[in-house]
Amino acid sequence: MTKITKQNHKYPLGQEPNFIVPKTYQPYRYVLGHYGEKMLVVLGMNPSKAQAGVSDATVNTIIRRSMMLDDYDGWATISIYPERATNASDLDPLNERLIEGNIKAIRTFVREYHVTEVWGAWGVPKQQQLLRGRDAVLDLFREEHVSVYGYAKLKSGNPHHPLYLSFKDAQRFEYDLSYSNAELFE
């Protein structure tokens, strides 16, 4: 069984990624983006197929959104958990080393590119890996003074995933960084 979709998407012309961490394809990805002076940075659930020459539906949605907004000349995507899987239910058991690598890569990215706000777009994380990863990334954002906003808040309080979001009526909201599901594992 493969954990990654077989569908191939092309990047919109001129929007191919020019930085990827790690640089070679791995079963995980920390950062993917197209550098700009002002990048739309998106925190998603976990990566799927997108890599150097092949995009995926979620990344293309993010790119199209960045192109629709006049403020942005680039884009980047990071994830609450870095393991590649098109469906989160296919994730391997929790791997703390992946979370540690993710936090290290995101911290470096945030500092190097002076990221002050991130579009939260992770939907409803149900798996332990995703909840643990989300809490670790949000802890990092608190430390680094990075604010998180979303478009359309779900009943769970989580920001809507971009693939299932109609931007026509979506309202931007500030995500409360004090929210966490950590108590589920105590």
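In this text the structure is predicted, and so the values were computed from the model without any measurement. Residue numbers count from 1 along this sequence.
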Would you name the heavy atoms of [X] and [Y] that are closest together and state the gap between them?
X    : Y    : value
L140 : R107 : CD1-NH2, 3.2 Å
I99  : A136 : CG2-CB, 3.8 Å
I63  : P12  : CG2-CG, 3.6 Å
S79  : V137 : O-CG2, 4.1 Å

### Query
Can you list the other members of the hydrophobic cluster that holds L163, where links are side-chain heavy atoms under 4.5 angstrom apart?
Y164
### Query
Should side-chain heavy atoms under 4.5 Å link Ile, Leu, Val, Met, Phe, Trp and Tyr, which residues sit in the same cluster as L13?
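Result for L13 is none, singleton.
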### Message
Could you walk me through whether L138 and Y175 satisfy the side-chain contact (heavy atoms from CB on, under 4.5 Å) test, starting with their C-alpha distance in whole Å, then the side-chain angles of each, then the deciding distance to 0.1 Å, before giving a yes or no?
### Response
CA-CA 10 Å; L138 296 183; Y175 182 78; 3.7 Å; yes
Side chains of residues 112-122: which donor-acceptor pairs under 3.5 Å do they make with residues two or more places apart or in other chains?
| unit_1 | atom_1 | unit_2 | atom_2 | d |
| --- | --- | --- | --- | --- |
| E117 | OE1 | R172 | NH2 | 2.9 |
| W122 | NE1 | N158 | OD1 | 2.8 |

Shared hydrophobic cluster, [X] / [Y] (ILVMFWY, side-chain heavy atoms < 4.5 Å):
X    : Y    : value
L154 : L130 : no
L69  : Y149 : yes
V124 : L94  : no

### Query
Mind checking what makes salt bridge (Lys or Arg N to Asp or Glu O under 4.0 Å) contact with D139, not counting sequence neighbours?
R142
Distance from [X] atom [atom1] to [Y] atom [atom2], nearest 0.5 Å?
X   : Y    : atom1 : atom2 : result
Y72 : E37  : OH    : CD    : 14.5 Å
T86 : K6   : OG1   : NZ    : 10.0 Å
H34 : T77  : NE2   : OG1   : 15.0 Å
I62 : Q15  : CD1   : CD    : 12.0 Å
M45 : L91  : CE    : CG    : 9.0 Å
T61 : L165 : OG1   : CG    : 9.5 Å

Side-chain touch [X]/[Y], heavy atoms, less than 4.5 angstrom:
X    : Y    : answer
I80  : P125 : yes
W75  : V42  : no
F109 : K104 : no
P159 : Y151 : no
K3   : N87  : no
V148 : F141 : yes

### Query
Taking everything shown except Q7 itself, do over 12 heavy atoms lie less than 6.0 Å from its CD?
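No, CD of Q7 has 12 or fewer neighbouring heavy atoms, counting only those of other groups under 6.0 Å.
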### Task
Measure from the side-chain N and O atoms of N46 to the backbone N and O of R84, and report whether any donor-acceptor pair falls under 3.5 Å.
no
### Task
Could you list all the salt bridge (charged side-chain N to carboxylate O under 4.0 Å, His left out) pairs where at least one residue sits in residues 38-66, not counting sequence neighbours?
none
Anything under 3.5 Å between a donor and an acceptor, one on a side chain of residues 18-31, the other on a protein residue two or more places apart or in another chain? List them.
| unit_1 | atom_1 | unit_2 | atom_2 | d |
| --- | --- | --- | --- | --- |
| N18 | OD1 | Y35 | N | 2.7 |
| T24 | OG1 | Q26 | NE2 | 3.2 |
| R29 | NH1 | A50 | O | 2.8 |

### Message
Under a 3.5 Å cutoff, is there a donor and acceptor pairing between the side chains of N60 and S55?
### Response
yes
### Query
Passes side-chain contact (heavy atoms from CB on, under 4.5 Å), R132 versus Q127? Steps please.
CA-CA 9 Å; R132 171 75 183 88; Q127 293 77 8; over 6 Å; no
